[in-house]
> 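Here it is, the structure, as structure tokens.
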Amino acid sequence: SQKSDAFVLKKGLTVFDFEYKGKNGFSAVLADKDGIKAELLISEKNDAVEDFKIKTISKEGDYQLSILGEGDWQITIKELNAKKDVTKNRKIKGENRGLSDFFNLSSGQINFKLKNKGSSHYVFRLLSENGETDEILAKGVGSFEGEKNIDLSQEGFYVLDIISDGEWEIAY
């Protein structure tokens with residue numbers, strides 16, 4: 001069991017990238033500087049972990065990680081900011097666990113067409129740059145093809161967080 005040094009996070013989206021090799025599993029908890037507000041970021045029973053978690057930070061401030069694991073670990077933290085070289089077409093494809101580039105959406109009704117060619121658990125999650133929008137577009141087990149309509153209250157940059165064990169595609 002270890003605690004990291006304190007570090008500053010800004011308001012918005014932050015990615016925690018986990019690497020672990022050891023035994024008896026691995027977990028990481030994010031807490032504010034006072035240890036009052038804490039959130040489990042990852043809890044794996046596996047002895048080898050390569051995964052990431054995207055988290056909305058609602059308040060800028062000092063944070064700390066509590067780590068539990070018997071082995072070597074590394075956590076890379078990066079804040080996500082929309083860049084001008086965003087996804088330009090209206091179709092995003094990938095394979096396995098992924099995070100899209102930012103793309104701009106207008107306010108109003110948006111129709112997402114979703115495909116997943118996998119055999120395990122999948123989740124398609126839409127997040128706004130500031131983290132105020134956090135919408136599950138689809139989740140389930142196995143292959144899937146369907147649509148989801150959502151009503152966006154504001155125009156802005158968005159990113160897709162995808163959990164899958166196969167090929168996936170999203171068109172909007």
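The structure displayed is predicted, hence computed values, not measured ones.
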> As an exercise, state the distance from CD1 of Ile110 to CG of Leu152, rounded to the nearest 0.5 Å.
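It comes to 5.0 Å.
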
> Keeping Arg97 on the side-chain end and Asp51 on the backbone end, is there a donor-acceptor pair under 3.5 Å?
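Looks like no, no N/O pair under 3.5 Å.
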
> Do you reckon Val49 sits in the same ILVMFWY cluster as Leu99, going by side-chain contacts under 4.5 Å, direct or chained?
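No: no chain of side-chain contacts under 4.5 Å links Val49 to Leu99.
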
> Which value, rounded to the nearest 0.5 Å, describes the distance between Ile77 atom CD1 and Phe7 atom CZ?
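Reported value, rounded in 0.5 Å steps: 3.5 Å.
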
> Please report the closest heavy-atom contact between Asn24 and Glu70, naming both atoms and the distance.
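In this case the closest contact between Asn24 and Glu70 is ND2-OE2, 3.0 Å.
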
> Just to verify, what does Glu44 make a side chain to side chain donor-acceptor pair (under 3.5 Å) with, not counting sequence neighbours?
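Glu44: side chain to side chain donor-acceptor pair (under 3.5 Å) contacts with Asn46.
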
> Answer with yes or no whether the hydrophobic clustering places Ile162 together with Leu105; edges join I, L, V, M, F, W, Y residues whose side-chain heavy atoms lie under 4.5 Å apart.
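Yes; Leu105 is reachable from Ile162 via cluster members.
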
> Within a reach of under 6.0 Å around CG of Asp5, are more than 12 heavy atoms found that belong to other residues, nucleotides or ligands?
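No, CG of Asp5 has 12 or fewer neighbouring heavy atoms, counting only those of other groups under 6.0 Å.
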
> Nearest 0.5 Å, what's the NZ-CG distance between Lys59 and Asp32?
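Lys59 NZ to Asp32 CG: 7.5 Å, rounded to 0.5 Å.
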
> Below 4.5 Å, heavy atoms only, C-beta onward: do Leu41 and Leu65 meet side chain to side chain?
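Yes, close enough: below the 4.5 Å cut-off.
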
> Is a donor on one side and an acceptor on the other found under 3.5 Å between the side chain of Asn116 and the backbone of Gly142?
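Yes; judged by distance alone, with no hydrogens or angles, the pair exists.
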
> Looking only at non-hydrogen atoms, find the nearest pair between Ser143 and Lys117 and report the distance.
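What the structure gives for the nearest pair is OG-CA, 3.7 Å.
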
> Between the main-chain N or O of Asn96 and the side-chain N or O of Trp168, is there a donor-acceptor pair closer than 3.5 Å?
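Yes, Trp168 side chain to Asn96 backbone: donor-acceptor pair under 3.5 Å.
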
> Please confirm whether the backbone N or O of Ile75 pairs with a side-chain atom of Tyr20, one donor and one acceptor, at under 3.5 Å?
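Checking the backbone N and O of Ile75 against the side chain of Tyr20, no donor-acceptor pair under 3.5 Å is found.
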
> Nearest 0.5 Å, what's the CG-NZ distance between Asp47 and Lys45?
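It is 12.5 Å, given to the nearest 0.5 Å.
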
> Look at Lys91 together with Glu169 and state whether they make a salt bridge at an N to O cut-off of under 4.0 Å.
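The answer is yes: the pair qualifies as a salt bridge.
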
> If only atom types and distance count, is the side chain of Glu19 paired as donor or acceptor with the main-chain N or O of Glu50 below 3.5 Å?
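Answer holds: no.
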
> Take atom CG of Asn111 as the centre, draw a 6.0 Å sphere, and report whether it contains more than 12 heavy atoms from other residues, nucleotides or ligands.
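Correct, the count exceeds 12.
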
> Give the minimum heavy-atom separation between Leu40 and Ser27, together with the two atoms involved.
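Nearest heavy atoms, Leu40 then Ser27: CD1-CB, 4.3 Å.
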
> Under 4.0 Å between a Lys/Arg side-chain N and an Asp/Glu carboxylate O for Asp17 and Lys78?
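Looking at Asp17 and Lys78, the cut-off is not met.
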
> Please answer: with hydrophobic residues joined when any side-chain heavy atoms are less than 4.5 Å apart, are Phe52 and Tyr63 in the same cluster?
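Phe52 does not cluster with Tyr63.
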
> Begin with the C-alpha distance, continue with both residues' side-chain angles, and end with the deciding distance and a verdict on ring-ring contact (aromatic ring centres under 6.0 Å, His included) for Phe103 and Tyr172.
CA-CA 11 Å; Phe103 55 97; Tyr172 56 95; 4.8 Å; yes

> Please check if atom NZ in Lys21 has more than 12 non-hydrogen atoms from other residues, nucleotides or ligands closer than 6.0 Å.
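No, the 6.0 Å shell around NZ holds no more than 12 heavy atoms from other groups.
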
> Measuring from atom NZ of Lys139 to atom NE2 of His121, what distance do you get when rounded to the nearest 0.5 angstrom?
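Reported value, rounded in 0.5 Å steps: 7.5 Å.
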
> Using 30° and 60° as the class boundaries, would you call the ring planes of Phe26 and Trp73 parallel, tilted or perpendicular?
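Tilted: the ring planes of Phe26 and Trp73 meet at 30° to 60°.
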
> Would you please name every residue forming a side-chain contact (heavy atoms from CB on, under 4.5 Å) with Lys148, sequence neighbours left out?
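Lys148 satisfies side-chain contact (heavy atoms from CB on, under 4.5 Å) with Leu114, Glu135, Leu137, Ile150 once adjacent residues are dropped.
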
> With side chains defined as the heavy atoms from C-beta onward, is the minimum distance between Glu155 and Asn104 less than 4.5 Å?
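Touching, per the 4.5 Å side-chain cut-off.
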
> Check whether any side-chain heavy atom of Thr56 lies under 4.5 Å from a side-chain heavy atom of Leu13, and answer yes or no.
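With C-beta onward as the side chain, the pair touches.
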
> Hey, is the main chain of Leu160 close enough, under 3.5 Å, to the side chain of Arg125 for a donor-acceptor pair?
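Judged by distance alone, no pair lies under 3.5 Å.
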
> Could you check whether any side-chain heavy atom of Ile42 comes within less than 4.5 Å of a side-chain heavy atom of Phe16, counting everything from C-beta outward?
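No - every pair of side-chain heavy atoms lies 4.5 Å or more apart.
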
> Would you say the side chain of Asp165 lies within less than 4.5 Å of the side chain of Ser119, judging by non-hydrogen atoms?
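Side-chain contact under 4.5 Å: yes.
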
> So how far is it from Lys10 NZ to Ile57 CD1, rounded to the nearest 0.5 Å?
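So the gap between those two atoms works out to 13.0 Å.
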
> Against Leu80, only a single residue in Val15, Thr14, Leu127 fulfils side-chain contact (heavy atoms from CB on, under 4.5 Å); can you say which?
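By the side-chain contact (heavy atoms from CB on, under 4.5 Å) criterion, Leu80 pairs with just one of Val15, Thr14, Leu127: Val15.
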
> Of the non-hydrogen atoms in Gln64 and Ser4, which two are nearest, and what is the gap between them?
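It is NE2-O, 2.7 Å.
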
> Would you please name every residue forming a side-chain contact (heavy atoms from CB on, under 4.5 Å) with Ser66, sequence neighbours left out?
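With sequence neighbours excluded, Ser66 shows a side-chain contact (heavy atoms from CB on, under 4.5 Å) to Lys3, Val29, given in chain and number order.
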
> Would you mind reporting whether Ile163 and Tyr122 have side-chain heavy atoms less than 4.5 Å apart?
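No - every pair of side-chain heavy atoms lies 4.5 Å or more apart.
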
> Determine whether Asp134 and Asp161 make a side-chain contact, defined as any pair of heavy atoms from C-beta on separated by less than 4.5 Å.
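A side-chain contact is absent here, since even the closest heavy-atom pair is not under 4.5 Å.
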
